Engineer: 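Got a structure for you, written out below as structure tokens; questions coming shortly.
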Protein chains: 2
Amino acid sequence: MVGNQTNISPEFIQKAARILKTLGHPDRIKIVEFLEDGEKTVGQIHRELDMQQPIVSQHLKVMNDRGIVTHRQEGTRYFYSLANELIVNILNCLSEFQEKLNSGEWNF
Amino acid sequence: MVGNQTNISPEFIQKAARILKTLGHPDRIKIVEFLEDGEKTVGQIHRELDMQQPIVSQHLKVMNDRGIVTHRQEGTRYFYSLANELIVNILNCLSEFQEKLNSGEWNF
DNA sequence: GTTTTATATAGTAAAATCACTATATTCATC
DNA sequence: GATGAATATAGTGATTTTACTATATAAAAC
């Protein structure tokens, strides 16, 4: 058992970077967090998160292209949901981090 | 126990986004992964990861400004190390993800 | 078939990031 | 104090993001 534990493969680093970079936007974090609750329509996100509709569609398109969300269409409505649980894991990491921040254990 | 589990605070979302976005670069992921092994000088990163020295310094500066790494100086050498374990957690999330990718459980 | 509703797409200017080259700074050594 | 090594900083085009406005599309309702 020599070397480090994570040891991410070179090919994967490209994909990982893309995912992290994509998640690195406040609106998109909010959307992903909202989607943890279950699938939502564009309109729900637009109204409940108070973002302009084209912005929401744009973010969803980017996240869809990069495998973060998927969607199904029903009539004129598009239901978006998280594509996999990796995303939730990352947010959970951040939540943990927030707790440590709040408790004063770390500071930024 | 109503609502979702993570529930990240609005103020924190800005910081989280910044961290994720900063980590969302292949070179920086490589550097962070390398630093998991312990503190390294700029020259070590430069040579062992085969990146140009100013590029390395630039990435380290950005990550330093955003609380991802810290450094100490010893003579003309600068030793950089990870600022906290959140970063490792996130990489571990990605490693897990990679395994699921490799096993064919998910696809991107 | 006209109007509404829901969503996507196009276009665009401003801002941020990126990769690279050149140079400055700082410490150590002779 | 001159030289070399290690690292930081400056400057710069090219590319990517971002936020926004306007418009297109497609299904629903009347």
Side-chain angles (χ1 to χ4, degrees), chain A residues 10 13-35 38-83, chain B residues 10 13-35 38-83:
Chain A
I13 287 181
Q14 299 295 328
K15 293 181 181 177
R18 200 154 189 77
I19 292 173
L20 290 180
K21 189 172 186 177
T22 304
L23 286 179
H25 188 293
D27 286 352
R28 290 199 280 258
I29 291 182
K30 286 179 200 165
I31 291 173
V32 165
E33 199 195 3
F34 191 45
L35 291 182
E39 63 174 13
K40 307 285 182 191
T41 66
V42 175
Q44 282 180 293
I45 299 170
H46 158 52
R47 279 176 255 108
E48 298 197 34
L49 296 187
D50 195 32
M51 300 177 189
Q52 299 187 5
Q53 177 267 313
I55 296 281
V56 173
S57 284
Q58 190 173 292
H59 285 316
L60 288 171
K61 177 179 171 50
V62 170
M63 291 198 286
N64 190 74
D65 290 348
R66 299 179 186 178
I68 293 172
V69 301
T70 45
H71 68 279
R72 68 185 179 85
Q73 189 173 355
E74 195 173 285
T76 170
R77 299 210 173 138
Y78 287 67
F79 292 84
Y80 282 87
S81 54
L82 297 182
Chain B
I13 286 181
Q14 300 294 329
K15 293 181 182 178
R18 200 153 190 78
I19 293 172
L20 290 180
K21 190 173 185 178
T22 303
L23 286 179
H25 187 293
D27 286 353
R28 291 199 280 258
I29 291 182
K30 286 178 199 164
I31 291 174
V32 165
E33 199 194 3
F34 191 46
L35 291 182
E39 64 175 12
K40 308 284 182 191
T41 66
V42 175
Q44 283 180 294
I45 299 171
H46 158 50
R47 280 176 254 109
E48 298 197 35
L49 297 188
D50 194 33
M51 301 178 190
Q52 299 188 4
Q53 176 268 313
I55 297 281
V56 173
S57 284
Q58 191 173 292
H59 285 316
L60 288 171
K61 177 179 170 50
V62 171
M63 291 197 287
N64 190 75
D65 290 348
R66 298 178 187 179
I68 293 172
V69 302
T70 46
H71 68 278
R72 69 185 179 86
Q73 189 173 356
E74 194 173 286
T76 169
R77 298 209 173 137
Y78 288 66
F79 291 84
Y80 282 88
S81 55
L82 297 182

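Every chain is numbered from 1, with letters handed out A, B, ... down the list of sequences. In this text, all values refer to a predicted model and were calculated from it rather than measured experimentally.
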Engineer: Could you pull out the protein-nucleic contacts involving nucleotides 10-15 of chain D (nitrogen or oxygen on both sides, under 3.5 Å)?
Structural biologist:
none

Engineer: I need the CG-C1' distance between B/Asn64 and D/dT7, as an integer number of Å.
Structural biologist: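 Spelled out: CG on B/Asn64 to C1' on D/dT7 is 13 Å.
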
Engineer: Would you indicate what A/Arg47 reaches in the nucleic acid, counting non-hydrogen atoms under 4.0 angstrom: base, sugar-phosphate, or nothing?
Structural biologist: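 Since no nucleic acid heavy atom lies under 4.0 Å of A/Arg47, the category is nothing.
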
Engineer: With nearest nucleotide decided by heavy atoms, which residue, B/Lys21 or A/Thr76, maps closer to the 5′ end of DNA chain D?
Structural biologist: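 Upstream on the strand: B/Lys21.
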
Engineer: Taking for each residue the nucleotide of DNA chain D with the nearest heavy atom, is it A/Gln73 or A/Gly24 whose nucleotide lies nearer the 5' end?
Structural biologist: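 It is A/Gly24, whose closest nucleotide lies nearer the 5' terminus.
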
Engineer: As a test of understanding, state which of A/Ile31, A/Leu35, A/Val32 forms a side chain to side chain contact (heavy atoms under 4.5 Å, CB included) with A/Ile68.
Structural biologist: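 Exactly one option meets the side chain to side chain contact (heavy atoms under 4.5 Å, CB included) with A/Ile68, and it is A/Val32.
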
Engineer: So, OP1 or OP2 of D/dA6: does either fall under 4.0 Å of a side-chain N or O from B/Tyr80?
Structural biologist: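 B/Tyr80 to D/dA6 OP1/OP2: no side-chain N or O under 4.0 Å.
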
Engineer: Answer with base, sugar-phosphate or nothing: what part of the nucleic acid does B/Phe79 contact at a heavy-atom distance below 4.0 Å?
Structural biologist: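 No contact.
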
Engineer: Quickly work out the A/Lys30 NZ to D/dT18 P distance and round it to whole Å.
Structural biologist: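 So the two atoms are 14 Å apart, to the nearest Å.
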
Engineer: What residues form a salt bridge (charged side-chain N to carboxylate O under 4.0 Å, His left out) with A/Glu39, not counting sequence neighbours?
Structural biologist: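 With neighbours one apart ignored, the set is A/Arg72.
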
Engineer: Round to the nearest Å and state the distance from A/Glu74 atom CD to D/dA27 atom C1'.
Structural biologist: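 Taking atom C1' of D/dA27 as the reference, CD of A/Glu74 is at 12 Å.
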
Engineer: Walk along DNA chain C from 5' to 3' and tell me the first and last nucleotide with an atom closer than 4.0 Å to a non-hydrogen atom of chain A.
Structural biologist: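 Contacts span C/dA6 to C/dC18, reading 5' to 3'.
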
Engineer: Find the distance A/Lys61:NZ to D/dA19:P and express it as a whole number of Å.
Structural biologist: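 Answer to the nearest Å: 18 Å.
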
Engineer: Report the distance from atom CE of A/Met51 to atom P of D/dT21, rounded to the nearest whole Å.
Structural biologist: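 Computing the A/Met51:CE to D/dT21:P distance gives 16 Å.
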
Engineer: Nearest whole Å is fine: how far is D/dT23 C1' from A/Gln53 CD?
Structural biologist: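 Answer to the nearest Å: 11 Å.
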
Engineer: Tell me, please, which residues at least two apart from A/Glu48 pass side chain to side chain donor-acceptor pair (under 3.5 Å).
Structural biologist: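 Not a single residue meets the side chain to side chain donor-acceptor pair (under 3.5 Å) criterion with A/Glu48.
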
Engineer: With a 4.0 Å cut-off on heavy atoms, is A/His46 in touch with a base, just the backbone sugar-phosphate, or nothing at all?
Structural biologist: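 Here A/His46 touches no strand at all.
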
Engineer: Is a side-chain N or O of B/Arg28 found less than 3.5 angstrom from the main chain of B/Thr22, in a donor-acceptor match?
Structural biologist: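 Answer holds: yes.
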
Engineer: List the residues meeting side chain to side chain contact (heavy atoms under 4.5 Å, CB included) with B/His46, not counting sequence neighbours, and say none if there are none.
Structural biologist: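 In terms of side chain to side chain contact (heavy atoms under 4.5 Å, CB included), with neighbours along the sequence ignored, B/His46 is linked to B/Gln53, B/Val56.
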
Engineer: Not counting sequence neighbours, which residues clear side chain to side chain donor-acceptor pair (under 3.5 Å) with A/Lys30? List them please.
Structural biologist: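 Here no residue qualifies.
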
